Every structure is written in structure tokens, then in C-alpha cells.
Number of protein chains: 2
Amino acid sequence: MPAVTLSEVARAAGVSPATASRVLNGSSRIPGADIAERVKAAAAALGYIPNAQAQALARSSSGLLGLIVHDIADPYFSSIARGVQSAARELNKILLLTSTEGTPSEERLAVEAFTSRRADAIVLAGSRSTRPEDDAANSALLREAYRYLANGGRLVLAGHDLVDPSAHESRGHGDAAFTVGTPPVLIDIPNESLACRLARALGGQGHSRFLIVAGPEGLMTSDLRVAGFQRGLAEQGLESAEVLRAAFNRDGGFGAALELEDKVREAADSGNPYCIFAVNDRMAMGVVAALRHCGLQAPADYAVAGFDDINTLEDFIPGLTTVRLPLEEIGRSAAEAALTGADPAPASGEVVLRESTAPAS
Amino acid sequence: MPAVTLSEVARAAGVSPATASRVLNGSSRIPGADIAERVKAAAAALGYIPNAQAQALARSSSGLLGLIVHDIADPYFSSIARGVQSAARELNKILLLTSTEGTPSEERLAVEAFTSRRADAIVLAGSRSTRPEDDAANSALLREAYRYLANGGRLVLAGHDLVDPSAHESRGHGDAAFTVGTPPVLIDIPNESLACRLARALGGQGHSRFLIVAGPEGLMTSDLRVAGFQRGLAEQGLESAEVLRAAFNRDGGFGAALELEDKVREAADSGNPYCIFAVNDRMAMGVVAALRHCGLQAPADYAVAGFDDINTLEDFIPGLTTVRLPLEEIGRSAAEAALTGADPAPASGEVVLRESTAPAS
DNA sequence: CTGCTCCCGGAAAGCGCATTCCGTCCGTCA
DNA sequence: TGACGGACGGAATGCGCTTTCCGGGAGCAG
């Protein structure tokens, strides 16, 4: 039983397909009231549902919004997705979702798939990688993105700009072929400056010995947070922090903390405890879990701070000092910018001091 | 700059569109090697990307998989979404996502939108409502779902079957018009029996006074868990538990626990503490937070158990006794069943005893 | 050498809809 | 009363692709 088509409705109503089309969608020409009534009645009786594919083909707008995230099960991304979804619903678009595990090559594939689907707009969320081994994939992603733009799509980057491995020192993306179409819009998440402010806030609380548990080198979000944090320390005349690298997730934090145990314990015993900055909340949670496992408690034996303020933190013990990012808002305004072309509000963010870094008394 | 079309590629390669189409997709007829080479080269040179809308129209398969959840930011659903997404990727489908806030009317809208998009399959996750005020919306959802099925779609329900308010005592959905198309497939989540097992496990730990913090009446998931838990108590000859109703989320649990404070405190003081069963983990987390706020600790002053084993629980203190649901697996097999027509593996689940219900010593 | 089959490329007919363009009819103004 | 403009339905075209159907050439058997 194939779906009811517009011409069937037209026939049932005794009018031409053109007329039926005009009454069943918001055309500029509205047929007479009587005839419109007939058509609507016929459509309802037959249970007509327009074929969005055909509509998209005939108009030239699919009503689709693409969202690309690293991992939809990660609260960071699912919060963003929630914002995107809610904006999409309001604007009557429907959401195409892809999780890429963070690899640029998968992201490229996603952009390609969305291009193929003729998505009206794409929101690309999550950190970029600047690792040399990702150069090729980054270039490909960049090309794919600009191709999408050239085809009339809109692209908004939530967090970081695309990375162009070939542009060694220039600003912007060099290639002239890239100047076609709407340029991508960036919702900048000020990782560097917020991390700097976090460092200053922690310094202000009296902490003076720092350790950073970071993600892998070349992960832009992590790198920026590390850099900003170090800058914040430097600006206060504090010694820069040692950086330990691990996976950018809870287990990474857990593993790193295990390596740090002795150091942390000694510092605690010596009365000059460490303050650990984990570059995201999940890593921070891993750190806390690992050290608790070792019998070390925050804030008694060490201080710890995270970044993002994911909602998982709400009932986490100890309350985790972090930097709040309005994730859902970011998703919302990314989607709105992508769909309407409006300039996005810049992402804000604020330091939230909680129990985990309670000032050494 | 409109996108490159197939005929442009064909022209560039000096062949007909038909031939180009045959080489650029997996047609059953593969043109000669030399000609195929030419076409591929032309496609690559021009940067051809097929228009999936047009393909969908011409074939009759969109390559789309629809997923409907209550709230994508809820770890319960984002875990399911992760599983769905990963299966979709493997099967080369792309995901349409909608969050409905759990209202049947939004769910109906989502099904309609997916029907309009000609999604190959739809996965509908989350609890159904049996509240009388949702009767109309449930009927509409049911009709919409069967219309989708009649149009050749596949539907899999992850968790509960659709509710048919008009079928008072019959099994199945009565209306004869409903018999067209593939019937919906259900991935049953055995809420009732698992809750029963949880009750028995807790009874086995020596708990004997129970309280249930449930969701609103008529929320099927909640109702089943309550019923199963009571049955489990009864089977052990234990008194049935008092049920307190609140919103089906963290704040609901929090609020309910606040009302329970005196009762819980008295019981703790009397040496015969309560064991509280919150029908989902987030409610349980709310309960713990509220009671901690009141100075009551689990498992010392009361015991508490949840349901779902969402991954947020990993670092929650105290470790929360719960029922583990393989959420990501459920998503996976739902998607696979929806896409391939394979029979889904029934969802399992197991009681996980943790510190929060440590046996009263 | 003729006749048949098989294979392969191209022409053409849609898929379901939007929209431009026409023809017609009516109303209006001179 | 005649001419003209406007409004309104319908016919037709095209969006980009797939697929059936054709026709011609090559290969083979008789």
C-alpha cells in the first residue's frame, strides 16, 4: 500500500494537482475557499502526507539540520544536542544526527552525507585536532566543508574554527576556491581565557601548587585550556604547572591520577597540597575517583577543578569547582545561526567555585 | 553555485546519464571497465555528490532511520541513542532525531514528520502514558504509527508497546485497518520482573521496611516498576510499600525525599531504617541529595536503590544499588531490528547491589 | 553466409511535488 | 456595449535520479 500522493488527493477533490498543491502548502496563491475546503477534506479523508523528499527536490530546501558531535552519550554533547533540537523544532526543521568519535575523517563523511541530503545547515560541534597525523583528514574535512558551503549550505562551528593544515601562518583559509558561498560562522568558546580566569580564581583562593591533567596533545580544546591556565598562573607570578597527558575522558583522568598518587600524597603530608586542574569534568571525576580509591580526599588532601559544568556534576561529591559553559544555549544559538543566518551570541562562561577547591584553611 | 548533477558528470564523461548512474552506484548492470573509469574520473574531477533526495524519490528508500526519545540530554536516552547511531552507521543509514519531552502528541508529530521524510524505519523509545488525559493523543499516535506501517515503514518500540485507549480488554490493537504492513516489533524491557527481582534481592539483604518514590501515575515504566517491586515484596511475605509520587526526574526525587525526611529520620533512630526504591536512577540521585541535605546518609541511616544503571552513576557516592539495563545494546538491537527486520534480542537486565543498600549490620 | 541470441549503451518514462505560464471568465471602466 | 485588466484553474515543465525498455553490434551455431 503505497502512500497517498498529491494527485490522488487532487483527483478525489476533482481539481488539478497544481491546485491541490497550492491549498495544501503555504503557496502565495490561495485558491477559492470552496475549492480549498474540498481539497482539505479529500486530503484528510485519504490521510495524505506530503512526500518531503519530493518537496525538497522541487523546492530546493530540505528542511533538514545536520548536527555532528563526537559522542552523543557524552553529557557535553547531549546538552548541546538538546539545545540544537529545541531550536530546530521551533524553526520547523528536523535534525540529522551523527556521532563521529571525534575523528576528522568521520566528520568529513558526516559532512558529505549531509551535503548529499541537501541539509539546509550543519552544526559541527566538538574539539578539532591539530595533530600532524590528522593533517590529511583535516584538509579533507575542510574541503568538504567548503564544498558544502559552495553548494549553498550554512555551516556553524560550535567551539573551534576548522583547522587548515596548509595555512601555516595565514589567518583564514587560503585557497581562493574557498571564497564561494556563505562563510562558516564560528561560535567561539573562549577556552583559553576561561581557563585563565579559573587559574586566577584558584590562585585567589590561596592555591599555589598546580598540576594539570590534560587530554592528548593536539586536541585543541585541551591545548587551549592548558595554555590559558598556565597564563593565568603566570600572571599571578605562580610557577607554571606540570602537565600530565591522558585520554580526554573519565578513564583518562582516572589513569592519570593513579600515576599522581605518590606526588599528591606527599604534598598533602607536607602541608602544601596540590591543586589539580583536569581539562574537563569527566577527567576531573576520574581523578577524584582514582584518588579516593587511594584514600585521598578533596578538598582535604588536594584540590581539584574541572571544566564544562556538565549536568552530571549536579550531585557529584565533592561539589566540583569548574567553568560553567552554557552548553544548551550554545546548541540553541548555533542552530539558530545556522538556520536563520542570524549572528550568534558569543558563548559566555563563568568560573564556579565549589567544595572541591575549598581554600586550604 | 548549484551542486554538480549526474548529467553534468555524464556529459563530461561523454556518456548518457543512465550509464553514469549505473557506474556511480551499485547497480546490477556494470558498464565496461574503460567507460566506468571515465565516469569515475569525471565525477571526482567535478566533485560530484549525489542528491540523496532525488535518489530516495527514484528508488523508494530514503536511507533514513528515525529515532524518537523523550529527552536527548537524559543519559538514559543518550545511551540508547548511542547504540542506535552506531548500528545506523554500520548499516549505512543516517539518523533523524527528535526529542519529544515525552508527550504523546509530540511523538505523533515526530512519527508524522518521519513518515513524510519516508524514513525506512523508526525507533520509538521511552515510556508510554496510560493517563486518561492522554487517551486522545495516544489514539492519534497509534493511528499515525499504523499509517506509517501501512506505508511500508518498520517500527520498533524500545521498552513498551503502544497503548490503545480504545482496546479495553483485548490484546493487540483491534481495528482491522491496522492489519496492513509489517506489525510493529517490541523490544520488551522487563520492568516488572526486574523490579520484582530487585525487591527480592533487597529483601535478601535483610531490608524489611520499604518506601517507593515513583513517577506520576499512568507513566507505564514507573507503574510497572512499582507493581513488580510490590509483587517481589509480597512474594517474600513482606508488607507492601507506601508509594509517593513525584516527577519522573531528579528534582522529583529530591522533592519527594524532602517530604519523607521525618519518616526516614524516625526510622533510622528507631533502628529499623527504611529502604527506599526510587523508580529510576535520577530520582534516586535526587533522593540521596535531598536526604544528605537533611543530614541523613545512605546506607547508615537509610537504604536506597534506583533503576537503569545510567552511566552517570559510575562515580556517584554512595554507589547506588540499581537494576542495570543494557541501554546501548537496546538501542543497537532496536536499530538493527528496525533496519534489517531481524528479530531483536530480548532486553536483559540484572540487579546490581552496591553500597547504598549495604545490609544493615 | 545467414539467423539468432546476448550484451551493452542510450532514450525515455517516471518518482511526487512546486511553479511558471496560459487560457478563460468575470468584472470594470469608458 | 466594447475593450481591457485581473483573478483563478489547469496544463506543462522540471527538480536529479533510477530503471525499464530499445536498438544495434558482436558472437556463435547451423
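Proteins come first, then strands; the chains are lettered A, B, ... in the order of their sequence lines, and each starts at number 1. Not measured: the values here are computed from a predicted model.
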So, B/Ser62 and B/Arg117: side-chain donor and acceptor under 3.5 Å apart, yes or no?
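On atom types as modelled, these side chains do not qualify, holding no pair under 3.5 Å.
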
For B/Ala18 and B/Gln53, take the nucleotide of DNA chain D holding the closest heavy atom to each; which residue's nucleotide lies nearer the 5' end?
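Its nearest nucleotide lies further toward 5', so the answer is B/Gln53.
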
If every non-hydrogen atom of A/Phe114 is compared with every non-hydrogen atom of A/Thr98, which pair is closest and at what distance?
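So the two residues come closest at CZ-OG1, 3.3 Å.
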
Counting the atoms with a prime plus P, OP1 and OP2 as sugar-phosphate, which does A/Pro17 contact under 4.0 Å by heavy atoms, base, sugar-phosphate, or nothing?
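No contact.
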
State whether B/Glu329 and B/Arg82 are salt-bridged, where the test is any N-O pair (Lys NZ or Arg NE/NH1/NH2 against Asp/Glu carboxylate O) under 4.0 Å.
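So B/Glu329 does not pair with B/Arg82 through a salt bridge.
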
[X] [atom1] to [N] [atom2]: how many Å, rounded?
X	N	atom1	atom2	answer
A/Leu57	C/dC17	CG	C1'	8 Å
B/Arg22	C/dG9	CZ	P	8 Å
A/Arg118	D/dC15	CZ	C1'	11 Å
B/Arg11	D/dG16	CZ	P	12 Å
B/Arg117	C/dG16	CZ	P	17 Å
A/Asn25	C/dG16	CG	C1'	13 Å
B/Ile35	C/dG9	CD1	C1'	7 Å
A/Leu6	D/dG14	CG	P	20 Å

How many angstroms lie between CG in A/Leu65 and CG in A/Leu91, if you round to the nearest 0.5 Å?
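Going from the CG atom of A/Leu65 to the CG atom of A/Leu91 covers 9.0 Å.
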
So, taking the atom named CG in B/Leu142 and the one named CZ in B/Arg108, what distance separates them when rounded to the nearest 0.5 Å?
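That separation rounds to 12.5 Å.
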
How do B/Asp34 and B/Ser60 order along DNA chain C: which one's closest nucleotide is nearer the 5' end?
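Between the two, 5'-proximity favours B/Asp34.
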
Find which nucleotide of DNA chain C each of B/Val15 and A/Gln55 is nearest to by heavy atoms, and output the residue with the more 5' nucleotide.
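Mapping each residue to its closest nucleotide by heavy atoms, the 5'-most match is B/Val15.
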
Out of C/dG16, D/dT18, D/dG16, which nucleotide sits closest to the side chain of A/Ala58?
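Looking only at heavy atoms from C-beta outward on A/Ala58, the closest nucleotide is C/dG16.
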
Among D/dT18, D/dG14, C/dG10, which nucleotide has an atom closest to any side-chain atom of B/Thr19?
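Of the candidates, C/dG10 comes closest.
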
Does A/Ser21 put a side-chain nitrogen or oxygen below 4.0 Å from OP1 or OP2 of C/dA18?
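Looking at the OP1 and OP2 atoms of C/dA18, one of them is under 4.0 Å from a side-chain N or O of A/Ser21.
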
